[in-house]
Number of protein chains: 2
Amino acid sequence: MQNKVGIAPVSGENLLFLTDDQLRRGIEAMFFAYRAFTADPDLILADMDYGRAHHRALHFIHRDPGLTVTALLDVLGVTKQSLNRVLRTLIEDGLVESRVGHRDRRERQLFLTEKGAALERRLSETQRARMRSAYRAAGPQAVAGFRQVLEAMMDRDTLRQFKALKDLPDPS
Amino acid sequence: MQNKVGIAPVSGENLLFLTDDQLRRGIEAMFFAYRAFTADPDLILADMDYGRAHHRALHFIHRDPGLTVTALLDVLGVTKQSLNRVLRTLIEDGLVESRVGHRDRRERQLFLTEKGAALERRLSETQRARMRSAYRAAGPQAVAGFRQVLEAMMDRDTLRQFKALKDLPDPS
DNA sequence: ATTGGAAAGTCAACAAGTCTGACGTAATAA
DNA sequence: TTATTACGTCAGACTTGTTGACTTTCCAAT
């Protein structure tokens with residue numbers, strides 16, 4: 001199990017980045033960075049009886065208006081019961097609108113109201129600001145590497161989902 | 001708020017990576033990657049009535065044997081009541097040992113038992129395997145960028161904590 | 001040596017967010 | 001007509017987090 005110099009050292013290549021120590025540092029970096037990454041929205045959400053789940057729903061409804069409940073379920077990877085509770089409060093509070101599907105009337109299509117869009121913007125702005133500052137500090141090459149590693153960490157299905165996300169309809 | 005080409009474009013530099021779209025892609029990549037990142041340990045933990053909190057405690061006790069409860073509290077960023085519940089079950093189940101501090105006898109110093117170390121290894125092996133495969137797929141330069149961006153995302157205090165983590169006493 | 005305060009542990013209550021399982025309704029598909 | 005799908009809901013459970021209040025232990029400063 002011990003592996004100071006990486007597995008299967010190849011010719012003269014530098015594999016120091018594959019030592020268990022380096023891998024552990026990466027794991028810890030993910031833990032700390034993710035905590036920071038969610039900290040700003042969490043602060044805002046706490047003030048209004050919402051949680052991360054609400055943020056995630058708002059995010060994906062924003063990025064793909066009119067998506068169905070099932071589609072949202074898929075991308076979030078939670079049960080419908082769990083999502084439903086979140087969705088119900090968002091609809092009750094007038095942040096999300098649920099319309100009967102025009103193609104298939106069993107489906108519900110989800111949209112942000114103006115109020116919902118405003119909160120989404122407010123939440124994502126803090127997160128984008130952090131990301132922007134991190135990206136700027138690290139530079140384009142580092143950003144490319146960052147994205148490469150993150151994608152390589154995803155499961156096949158998750159990666160497929162991630163790549164299938166459409167481009168945003170409106171820039172913001 | 002709209003920002004298609006990045007803020008403060010500097011001379012001929014390529015700032016495409018700072019568009020709001022790119023930032024959003026980064027945010028989503030973090031979300032999906034983190035989910036994948038925790039998926040493997042979560043599966044193991046679910047089988048034994050433990051959760052992520054137990055994993056995190058085991059991880060940091062492993063990496064710094066003999067650390068005090070307060071130190072662990074600090075690095076985890078939770079309340080002592082929350083940690084205490086987790087710690088109590090780990091101690092009851094014989095995975096963690098709590099010894100009275102030798103310097104300050106109010107403190108409790110935490111150690112993994114052999115059983116605890118075994119579980120920690122099992123959990124972290126899955127995570128390291130994923131990380132290793134991602135690192136290998138992306139290459140050393142990408143890994144450097146990954147780490148740079150993650151560190152740039154942390155708050156000042158978190159970054160300080162992260163950098164203050166000692167090197168592992170035993171390699172594994 | 002006494003006292004003040006810090007460190008740790010404990011108890012209780014609560015909330016968010018997740019899960020499973022079961023059931024009902026409406027609409028589509030076979 | 002029947003089976004299946006999409007959605008919503010109710011009930012019950014668990015983990016993880018929170019606050020608040022209280023006790024015990026022990027160090028350190030007066």
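The model shown is predicted, which means the values in this text are computed figures rather than measured ones. Each chain gets a letter, A, B and so on, in the order its sequence line appears, and its residues count up from 1.
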Looking at D/dT18, I'd like to know if its phosphate oxygens (OP1 or OP2) sit under 4.0 Å from a side-chain N or O belonging to B/Thr79.
yes
Is B/Asp20 paired with A/Arg132 through a side-chain N to carboxylate O contact shorter than 4.0 Å?
yes
Between atom CG in B/Asp47 and atom P in C/dC19, what is the gap in whole Å?
16 Å
Salt bridge check, A/Arg121 against A/Glu114: does any charged N sit closer than 4.0 Å to a carboxylate O?
yes
Rounded to whole Å, please give me the gap between CG in A/Leu67 and P in D/dA6.
14 Å
Side chain of A/Asp104 only, heavy atoms from C-beta on: which candidate in C/dC23, C/dT28, D/dT25 is closest?
C/dT28
Salt-bridge present (A/Glu28, A/Arg24; N to O < 4.0 Å)
no
Under 3.5 Å, is there any donor-acceptor pair linking the side chain of B/Arg106 to the base of C/dA6?
yes
So does B/Gln81 reach the base of D/dG17 with its side chain, donor to acceptor, closer than 3.5 Å?
no
Would you kindly give the OH-to-P distance between B/Tyr50 and D/dT15, to the nearest whole Å?
11 Å
Does A/Arg52 reach a base, just sugar-phosphate, or nothing at all? Heavy atoms under 4.0 Å.
sugar-phosphate
First of A/Gly77 and A/Lys80 reached from the 5' end of DNA chain C, by closest nucleotide:
A/Gly77
Are B/Glu125 and B/Arg128 close enough for a salt bridge, meaning some N to O gap below 4.0 Å?
yes
Regarding the side chain of B/Asn84, the nearest nucleotide among D/dT16, C/dG17, C/dT10 is C/dT10
Judged by each residue's nearest nucleotide on DNA chain D, which is more toward the 5′ side, B/Arg105 or B/Asp49?
B/Asp49
Determine: side-chain N/O of B/Arg56 to OP1/OP2 of D/dG17, distance under 4.0 Å, yes or no.
yes
Distance check needed: C/dG9 C1' versus B/Leu110 CG, whole Å only.
13 Å
Between P on C/dA7 and CG on B/Asp74, what's the gap in Å once rounded to a whole number?
10 Å
Could you give the NE2-to-P distance, from B/His55 to D/dT16, as a whole number of Å?
12 Å
By nearest-nucleotide position on DNA chain C, the 5'-leaning member of B/Arg85 and B/Glu107 is B/Glu107
From B/Leu87 atom CG to B/Ile61 atom CD1, the distance as rounded to the nearest 0.5 Å
5.5 Å
Can you see if the side chain of A/His54 gets near the phosphate of C/dA16 - specifically, an N or O under 4.0 Å from OP1 or OP2?
no
Rounded to the Å, how far apart are A/Leu45 CG and D/dT18 C1'?
16 Å
Starting from P on C/dA7, measure out to CD on B/Gln109 and report it in whole angstrom.
15 Å
